[in-house]
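Notes for the one structure printed next.
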Amino acid sequence: MAGLYKALRKSRETTPHGSSKAMYFSLLEAAHIKRAGGPCAGFLAAQLQATRGHSTSMPTQAGQLNSWLAAHNETVGRQYQQYLASRQAGGPRRYFHSKAHALYFLRAVAPTKMVDGAWLYGVTRHWQDTRLASLIRIYLEELGDGAEAMNHVALYRKLLRVNGCDDWKTLDDQFFTQGAVQLALAANTETHLPEVIGFNLGYEQLPLHLLITAYELKELNIDPYYFTLHTTIDNAQTGHAHAAVEAVAEAMPLFGDSRQYMARVLAGVKLNDAGLSTLEIIRQFDLQQEVVRILQAKATIGRFMHANRCEIAGKSINAWLADSDQMVPFLHAMEKTGWIKRHHAPEESPFWKTFAGEKAPMFGVFTAYEQQVLYDWIAGDALENMPMLGRLGRPWRMVEKQGLAREAGKNNPHDNVYDLRTGGRIARLPVSHDFNQDQVSFECHVHSMDDGQALMEFLAGWLSPGKHHTPLGLCATRYFKSYLDSPF
Ligand SMILES: [Fe+2]
Ligand SMILES: [Fe+2]
């Protein structure tokens, strides 16, 4: 059985064009994303082929997109009202059974969210082409226009960190397919512009699951800001959903055959189906399986860390942990010997006390996410009766989000020097010290460049999906937007 499971898992881990995960991390390197073709182009072609037969309600005529957009938003709005009515009538949560389930979701979609907007990166090198203005605007807004507090990737990274989910890079290959597709589109934009436009059109539309996710995350004491932000910034009237429709018409003159163009746009729309869907990820959660996975991961080190006199059911803990197939019997043994009291408050279980609480002997062994999984599993049928603090943790605080660095572009752009930390404009270059040498050399380089085209190319390199959320990437984004808004 274990062999069959491993074989099934392995078969999901490779596509005809190799591992999605390897592709994902390779394309995150700025140098690789510039070099299109090869395995990356093959991967994209295979994903386009795999989704070609999928259905979509998107119209084939560009002129019908606005009415489609209005109808789509009305349908989603009505469905959300029905959901709210069912919740107000006492109905259960639709997606997340417990906080651990919601955190599992946040971690599982991390490979996609950590490259939010990436599919548009390839258009930045065409910053002078007004037919791509809407696409460039969307990309810069995904990057928060260079303000860290509004950069979607930085926001998601913080959400992961706050909830102990930042070990997402260890996820299986299947979770990386959607993100790898987004990066592959960025790498192949020169030959796939209509597909990029179509992918953007599909991605930027408001889905019902976004509204429900935000509602249930808040209920489970998880900051929903990343998700509520997307219900506002992607809005259909002035937001990304609307700009994505505009982008279809704006770029059409670049292509002689509008029917062929729209066919490729639709292929890009369907590419949104590549990899696991949001609902598939939510549905595949199995609490006990997640407990087993966590113990298996800890066992690689834990098998050497216990004294041999520590025994459970006549077997040393080191021996239990030495065999990853023994985790389910190990859990049963802990239940039988009273180390775990399922369906009771976890604080009553000696196992829980070994790692939870300030002076616990195994303090720090499990992340906040892993502790939540263990809490929910031990509490079992009694979970909903547990006190709020134990079940949902300390309340998250609504932190006032910093506004955008709106002053960009007001003065002569060649006088710009930005403070890396606040994003505000400062008058002159900072004095160099050990903590800002990268910034000073970056600023000196920017201010020494007279050739506008070369400067924008240099800045665009810092806008890549792997770099734009770093301090220099954010600074480069502010310069890029500033120069874009105030031509030379
Ligand atoms: Fe976004
Ligand atoms: Fe967006």
Side-chain angles (χ1 to χ4, degrees), residues 24 28 58 65 69 72-73 76 105-106 108-124 132-160 168 178-183 185-186 189 195-211 213-214 217 223-248 250-251 265 268-269 271-272 274-275 277-278 281 401-402 404 463-470 473-474 477 480-481:
Y24 180 95
L28 265 185
M58 203 73 78
L65 281 172
L69 179 63
H72 168 77
N73 271 276
V76 170
F105 167 75
L106 290 187
V109 296
T112 307
K113 305 295 185 194
M114 288 300 286
V115 292
D116 195 5
W119 59 92
L120 290 174
Y121 171 59
V123 297
T124 56
L132 304 173
S134 292
L135 298 173
I136 292 175
R137 178 202 135 194
I138 295 173
Y139 188 62
L140 293 179
E141 287 183 3
E142 296 288 332
L143 273 48
D145 286 340
E148 187 177 21
M150 297 301 283
N151 178 292
H152 296 192
V153 172
L155 279 169
Y156 204 80
R157 185 178 52 188
K158 192 171 174 197
L159 184 63
L160 292 172
W168 60 275
Q178 171 69 209
V181 163
Q182 296 179 5
L183 292 166
L185 280 169
T189 305
E195 288 82 0
V196 167
I197 290 169
F199 185 88
N200 184 61
L201 180 64
Y203 199 94
E204 296 290 356
Q205 301 312 316
L206 178 69
L208 177 64
H209 62 70
L210 186 72
L211 296 164
T213 298
L217 287 180
D223 183 352
Y225 182 69
Y226 176 87
F227 296 88
T228 52
L229 169 69
H230 281 84
T231 63
T232 52
I233 200 166
D234 291 348
N235 81 76
Q237 211 160 41
T238 53
H240 293 181
H242 174 73
V245 168
E246 299 274 288
V248 175
E250 278 171 13
V265 168
V269 171
L271 201 53
N272 279 279
S277 71
T278 297
I281 289 174
K401 314 287 173 188
Q402 283 173 26
L404 290 168
L463 266 56
S464 73
K467 287 168 115 179
H468 67 73
H469 45 91
T470 64
L474 291 161
T477 308
F480 189 90
K481 181 168 166 51

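Start at 1 and go down the list; that is how both ligands and their atoms are numbered.
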[X] [atom1] to [Y] [atom2] distance, which is reported to the nearest 0.5 Å:
X: Ile233; Y: Glu141; atom1: CD1; atom2: CD; result: 5.0 Å
X: Leu143; Y: His152; atom1: CG; atom2: NE2; result: 9.0 Å
X: Ile136; Y: Lys481; atom1: CD1; atom2: NZ; result: 11.5 Å

Pick from Val181, Thr112, Val115: which one makes a side chain to side chain contact (heavy atoms under 4.5 Å, CB included) with Tyr24?
Val115
Salt bridge or not for Glu148 and Lys158, using N-O below 4.0 Å?
no
Protein-side N, O or S atoms sitting under 2.8 Å from the Fe ion (ligand 1) are Asp116 OD2, Glu142 OE1, His152 ND1, His230 NE2
In short, Lys113 meets Val153 closest at the heavy-atom pair O-CG2, 4.0 Å
Identity of the N, O or S atom of Glu204 lying closest to the Fe ion (ligand 2)
OE1
